[in-house]
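What follows is a set of notes on a single structure, which appears directly below.
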Amino acid sequence: ADGKPDKIRLDYAYYSPTSLVLKEQGWLEEALEDEGIGVEWVLSQGSNKALEFLTSDSIDFGSSAGSAALVSKAKGSPIQNVYIYSQPEWTALVADSESGIQSVEELKGKKVAATLGTDPYIFLLRALNEAGLTAADLEIVNLQHGDGAVALSKGSVDAWAGLDPHMARAELESDATLFYRNKEFNTYGFLNVREDFAEEYPDYVHVVIEAYEKAREWTIDNPEAAAQILSEEAEMSLDVAKQTLERNDFSNSIPGDEHRDTLRNSAEVLLEGEVIEADTDIEKVVNELVQPSFIEELNK
Amino acid sequence: MSLELKEVSRTFNGTPAINNISFRTKSGEIVGLLGTSGCGKSTILRSIAGLDTRYYGEITINQKRTKGIQASIGYIFQEPRLLPWLNVMENVTFGLTGKKINKKQRGLDYLKSVGLSQKEKLYPKQLSGGMAQRVAIARALVTSPEILLLDEPFSALDAFTKMQLQDLLLSIWSKYQTTMVLVTHDIDEALFLCDRILILRGQPGTVSAEIVLEQSKPRLRGSQEMATLKAEILEILQLERGEEKSIQEKRYTV
Amino acid sequence: MSLELKEVSRTFNGTPAINNISFRTKSGEIVGLLGTSGCGKSTILRSIAGLDTRYYGEITINQKRTKGIQASIGYIFQEPRLLPWLNVMENVTFGLTGKKINKKQRGLDYLKSVGLSQKEKLYPKQLSGGMAQRVAIARALVTSPEILLLDEPFSALDAFTKMQLQDLLLSIWSKYQTTMVLVTHDIDEALFLCDRILILRGQPGTVSAEIVLEQSKPRLRGSQEMATLKAEILEILQLERGEEKSIQEKRYTV
Amino acid sequence: MSKVSEEVINWDKNKFKRNKSFLSYEVIWMGSIIPILLLIVWEVLSRFGYFPTYLLPAPTTVVDTIINLAEDGSLWGHVGITLYRVFAGFFLGTAAALMLGGLVGLYRKAELLFDPLIQAFRAIPSLAWVPLFILWMGIGEVSKITMISVGVFFPVYLNIISGITGVDRKLIEVGKMNRLSTFQLVRRIILPASLPSFLTGLRSGLGLGWMFVVAAELMGASQGLGYLLIAGQNTLSPETILASILLFAFIGKGTDWILKKLESRTLHWQDRIVKS
Amino acid sequence: MSKVSEEVINWDKNKFKRNKSFLSYEVIWMGSIIPILLLIVWEVLSRFGYFPTYLLPAPTTVVDTIINLAEDGSLWGHVGITLYRVFAGFFLGTAAALMLGGLVGLYRKAELLFDPLIQAFRAIPSLAWVPLFILWMGIGEVSKITMISVGVFFPVYLNIISGITGVDRKLIEVGKMNRLSTFQLVRRIILPASLPSFLTGLRSGLGLGWMFVVAAELMGASQGLGYLLIAGQNTLSPETILASILLFAFIGKGTDWILKKLESRTLHWQDRIVKS
Ligand SMILES: Nc1ncnc2c1ncn2[C@@H]1O[C@H](COP(=O)(O)OP(=O)(O)OP(=O)(O)O)[C@@H](O)[C@H]1O
Ligand SMILES: Nc1ncnc2c1ncn2[C@@H]1O[C@H](COP(=O)(O)OP(=O)(O)OP(=O)(O)O)[C@@H](O)[C@H]1O
Ligand SMILES: [Mg+2]
Ligand SMILES: [Mg+2]
């Protein structure tokens, strides 16, 4: 494993502000320039796309929600999580303020929009679980994130398991209120690498993580500028971008036990929903997925 | 029904096809149009039928000036124009309205007249050229129109089928007193059927001669009288073809 | 090129159209087919051309038994069958190969022969029935085929245009010694052009009489000899139509 | 009738019969060659690990998935509801296309008024309609069926217009001489004459209807083949995706087969060349 | 030539001329009535708050968005790359449809072999292909263009076959009597005779090509109209969604207009009825 790749392919995504900052600042290109290694940026429109690109060997590093990475890993995709780009609070339960819905318990018998298998969906199930309800107690309508916002404001559904930036915008520009928030139920932003790549070029995993660390620190130091970048890249208004950024916690970037716990808890819900096979060895999957070794080596 | 054309002209994209055609038919008269290929015979029929309205001049039917499709005109086109998705019987009864059983009976009668009984189930693609033309003839006759326009109706038929259908036409004429305009290339046919023959000439076509036949119908085929007349007509035609000099309208009376 | 049919039969969906048709033409001979509508004349031509191969029996061209399309057969169909997306000139030169300029010159020559010079830019939808038929004739003649099959080529034409084209056909025949099979309803035409006339009868069609004309071409139109022969042919035809009794093959020699 | 001609008849009939039974056998047999070959190649490649199963499971796995769906009964729900939506959308879309296509095909005024707008709408992707449809019609069956009918509409509309403008003037004149009203002219001449084009439009439209199912079932469905596909994509389970693809292919082919039969039934009058 | 007939000529020519200029004016004018009405209704409803602006902004807002895109230059990038993909996919798809459609239309063997499979594929939605295409071809331009060509393929294919089977046997026989080879027969008779159907297929196919752009640009694009649409959906900016819809409609209409012109150019020989 002493070779070097021709180029490194990373994704960038509007749900990962650090990736936008990194792409904008060009630090990775700088770091690799001397070795003659190119950098290729690919836009991911969502976690599932990022994972699709990863597993089909279209990119080397991909950003996804932790739960999505877990599902993918459980299905056998050769990926590892080497870095946490943020702890976002990107999902919450949203209702129209006029509807008077105040708590999760009130959802009983109501229609709730969520996108099957995604973080908001897991969030919803966990919230229900906590409130002593199950999916059978209400009607979950499968709608894409954006369509859920429309359906909510149209009154087609009573509540919506929202996702930023849709949620931020709905909050800012309409009567939507986030009636249930829980940062713990969000499954973090995972930066995943293909196992092949990690095995063959461990050094370059370090290089990428280093660059990401630089971007993370810069984002913490320059929230205004970061919001500017986000709003420009994703063509969203500055207010929405700021709101979105505020709900991201960039303090911890090392994959660890808290992440494993969240994944285990998510796995329970996913097993129940038959999104992952009943005979999956969750413990093994979680341990194989979460690989703090690269960043730990780097920090040494 | 009487029919009159007054100075009818028609141009296609700047090229005149007929020029100042005028004639008049009494009710129940059979008028023949003779003329070289491309001189505008079909164009005249289309104008009378109302299928072509971009002519200059005036066409009156029963003293009423008209433009556009007229009721009770039957048209036998130069080509059979059968509807390929209908079988022979359905093609023949296409223009009939009323009870199905009556339509069928009428259709069968006329199919028999044109010598196509037992062929009613065939589709147009299974017909010979002459059979298709006969179906088209039956289709036009079966509605008993008051004015009948015939564009070389029998040209695809052998001598005897032709004679038979000429007789059929005459019997229909004597029954309904149908006014007819008959385009034909067969001088014998014109002499056998028509009360008046117009000879068209040139491009654009103009009426160059008008022959009135006063002998009553049915006439004898191949009589001596006819033969002389035929020779005369041939001469007129030949003259025209020979040179392009203007010929004054002549009126022959037999 | 010589041509021979041996006991050719063809049925369509169980209905026989022709039955045991046999005849032979020498090279450069013109054979006429006369018969009532629907008796199978076009079917015979289609079999010779190779457009229809589902016949029974044997067809030999130049002593070679064949089935399928043959080189250097020209076919004038019963309908004009012009390609609607090509103009007159392009239709006429459709079958020609070689340099464009040569093709055009040949096309112009033949268009002139059929009386359509100056019409080369028109599209089929702008032609009269007779003009379309003449374009089709020019299209078949322009390739100088060694065998020419003509299915009522002149039926849509007026008497004089018809004569002109008959003369054209004869001039081509005398230049290239083309073998021809000519389907026609015009007895005069058959007598003027053919070396032999086959009269078909019935449905399914069979050969009921064969008339050999030994007078050399070009012949005089309307001669006394022709007139007698015409009467004779009419009689044969009439006999057949009158009743369905079998007629033994007769050989007339003039 | 002579002996030979009787022979000729029998020979012809026999050939016809033989051809017929021979044909249906041949049709199925030859039609299966390529799909079966593809399946075998796919299975073998999967078995030998050329395609990792987390990306492209073997056909047997996919078929297993379908069988599982069938056994727990949910398959019929998916297929049934989607079939219902497609058929409803198909009829709606076809009806609208017939009306508008007829108007635009027959009247110049209608063409000038409507055609430009319709042609502009034709390029808008199904996914783009989703938020608008939710906004206008909510997330019930109405919006789903309307979405599918939008897909069906365009090819049918285009083919109807092309069919109408392609009708031979000569045949229309026959109708006019028989004093048909505009409506009768359409029903008795224009429709049958443009039938080949219309049927092609129907087949194209039905295909597009199947394609629009996904967009339709993005609008709050909890059953259906499109839902299955989306759920498969969201839960990263390729066997569900492939199962839904296979079902789309099979059922789509089935519905198309019906139209194809209809086509050969109603177009027997066409004077076509016999294929070699 | 007499005086009257000369008059007739001039009158005819004048009428022709007047019609022409009158027409193009009328065409634009009448074609705009309905779109403009719709826009006004939309604008008014938005202004009066009937549609909440965060769901359906007013047309003026949408146009502003487009103008902004144009000003910062990114519009040309989006439009350019999508146009490139659509055109490349269009040519590829049409070429494939011509080849396969020709084979299937002309040879019974080819029909039996290929047609069943192709018909089955026709019902598979564009989104379903996305994961497979990424798997087989990665996320470069190749997979995007292929995706679009898949969309273009089917309607063109269907219409070619319908066109070929609808060619009058009589005309094909003319070709045969002129000893054309199969290839020449196709080029000189079958293709021109089936041109109306083929062109309808092209127009249908181009429309579908535009629709498949979204699926294509789901495969790792960062520019293009489909990208704009998806990005708009993902970042919940309805003005971007609507801007992309408007652009789809305009540019789709534009490309269709080219084909429509081509159609009326090449089909002038059709003997059609003049519309009232
Ligand atoms: N494709 C076909 N399918 C079924 N029957 C056919 C077909 N073609 C011809 N026939 C039948 O064969 C018979 C002979 O037809 P053919 O066209 O040879 O007649 P023909 O002698 O040329 O008549 P005409 O002088 O009217 O053109 C007719 O009865 C016709 O119905
Ligand atoms: N639609 C058209 N467009 C342009 N020119 C036309 C059209 N229809 C007819 N013509 C022209 O008008 C002239 C007369 O045509 P018409 O069909 O009336 O002739 P016709 O006397 O019936 O000839 P034929 O005996 O050959 O049928 C021809 O020169 C023809 O080219
Ligand atoms: Mg005419
Ligand atoms: Mg014939």
Side-chain angles (χ1 to χ4, degrees), chain B residues 42-43 45-53 67-88 90-98 103 121-129 132 135-151, chain D residues 1 5 8-9 12-13 15-16 98 106-108 159-160 162-164 166-202 259 261-275:
Chain B
S42 301
T43 305
L45 290 199
R46 290 173 54 78
S47 302
I48 297 173
L51 290 175
D52 190 335
T53 53
K67 220 162 197 179
I69 311 288
Q70 292 310 304
S72 67
I73 289 187
Y75 198 145
I76 299 175
F77 294 95
Q78 199 167 357
E79 323 84 27
R81 298 199 184 182
L82 302 184
L83 304 174
W85 55 88
L86 299 180
N87 66 25
V88 166
E90 291 161 342
N91 261 297
V92 169
T93 57
F94 183 80
L96 288 180
T97 48
K103 289 204 286 188
K121 289 269 181 300
L122 292 182
Y123 278 85
K125 69 173 174 182
Q126 301 173 311
L127 300 177
S128 79
V135 174
I137 292 168
R139 177 177 63 187
L141 297 183
V142 78
T143 55
S144 315
E146 293 174 58
I147 296 179
L148 192 54
L149 308 174
L150 306 98
D151 202 345
Chain D
M1 209 181 286
S5 78
V8 171
I9 299 171
D12 235 56
K13 271 191 190 147
K15 193 173 170 199
F16 192 68
L98 257 175
L106 292 173
Y107 300 103
R108 218 175 64 90
N159 275 282
I160 283 178
S162 144
I164 290 179
V167 175
D168 194 346
R169 177 183 54 80
K170 293 193 161 78
L171 297 185
I172 294 185
E173 286 181 357
V174 170
K176 286 196 172 168
M177 285 320 296
N178 281 292
R179 285 161 295 285
L180 301 189
S181 66
T182 304
F183 172 72
Q184 286 174 317
L185 209 60
V186 170
R187 196 174 62 80
R188 301 187 60 191
I189 307 241
I190 294 176
L191 210 70
S194 58
L195 203 59
S197 183
F198 177 55
L199 284 169
T200 307
L202 282 190
L259 284 185
K261 279 285 132 186
L262 190 78
E263 194 172 85
S264 57
R265 277 275 167 88
T266 49
L267 295 186
H268 65 93
W269 51 265
Q270 278 193 333
D271 194 4
R272 327 171 155 171
I273 204 97
V274 177
K275 280 194 218 177

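Computed from heavy atoms alone, side chains included, the values below leave out hydrogens, waters and symmetry copies.
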Have a look at B/Tyr75 and tell me which of D/Lys176, D/Met177, D/Glu173 forms a side chain to side chain contact (heavy atoms under 4.5 Å, CB included) with it. D/Met177
Toward chain D, the part of B/Glu79 with a non-hydrogen atom under 4.5 Å: side chain
With a 4.5 angstrom heavy-atom cut-off, which part of B/Phe77 approaches chain D: side chain, backbone, both or neither? side chain
Here the gap from D/Lys170 atom NZ to B/Gln78 atom CD, rounded to the nearest 0.5 Å, amounts to 9.5 Å
Which region of B/Ile69, side chain (C-beta onward) or backbone (N, CA, C, O), has a non-hydrogen atom less than 4.5 Å from a non-hydrogen atom of chain D, or is it both or neither? side chain
Rounding to 0.5 Å, atoms CZ (D/Arg179) and OG1 (B/Thr97) come to a distance of 9.5 Å
Engaged part of D/Leu267 at the chain B interface, taking heavy atoms whose separation is under 4.5 Å: neither
Side chain from CB out, backbone as N, CA, C, O: work out which of these in B/Leu86 comes under 4.5 Å of a heavy atom of chain D, or both, or neither. neither
About how many Å separate CH2 of B/Trp85 and CG of D/Leu191, when rounded to the nearest 0.5 Å? 9.5 Å
To the closest 0.5 Å, what do you measure between CG (D/Asn178) and OG1 (B/Thr143)? 6.5 Å
Atom pair CZ/CZ of B/Arg81 and D/Arg169 - distance to nearest 0.5 Å: 6.0 Å
